[in-house]
Amino acid sequence: MCETSSSICSSPIGDLIISYCQKGLHSICQISTINDQSFIPDENQTIEIQSSSGKIPIPKSCLNWLHTYFHSPNHLAKIPELCPNIVSKNDSFQENVWRTLLNNVHFGQTVTYGQLAELAGNKNAARAVGTAMRCNPFQLLVPCHRVIRSNGDIGNYSGGKRNNVKYWLLNHEQK
Ligand SMILES: [Zn+2]
């Protein structure tokens, strides 16, 4: 297994916890205290390291990507390296869903759970897509916030605890 380090970074949607090894990112997610009640977005908040633990410095590519996503999205480049031990080449449906979403649903776009299931190769697997979204280890990078319901509802984010965050992100991408 990998030796990982982690950092907490400020962002417009609150502090993010980022975990990584020498090979790439292991996870990125909002700190656990953020929910629909406590969410206080600040679109001017810069991406800055608040604290770090471990021996490995946070990949610059990750900080750059986050900065670009929030503050200069017209220049969004390819996402930072993900650790191959997290996103392996083995073709579980879940990983296939993540990859499909990452490669096919770009900034400012949305897709329904059913469409994503079909894109990932099983049009009857909308429910499994929902599960894959809840288990997504790479918030923002693998854009599970762009997956919405077929009736136009935005659907749940973080199991329904952070729907305001999803709404904020979708709105951010429409500006
Ligand atoms: Zn690793």
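Both counts, for ligands and for their atoms, begin at 1 and track the order of listing.
Asn35 and Ser38 share a donor-acceptor pair across their side chains, judged by distance under 3.5 Å alone. Side chains of Tyr20 and Ser7: a donor-acceptor N/O pair is present below 3.5 angstrom, by distance only.
Checked against a 6.0 Å centroid threshold, the rings of Tyr167 and His145 do not count as neighbours.
The side-chain heavy atoms of Glu81 and Ser61, taken from C-beta on, include no pair separated by under 4.5 Å.
At distances below 3.5 Å, not a single donor-acceptor pair connects side-chain atoms of Gln45 with backbone N or O atoms of Ile13. Between the side chain of Asn164 and the main chain of Asp36, a donor-acceptor pair closer than 3.5 Å is present.
Around the Zn ion (ligand 1), protein N, O or S atoms at less than 2.8 Å comprise Cys2 SG, Cys21 SG, His26 NE2, Cys83 SG.
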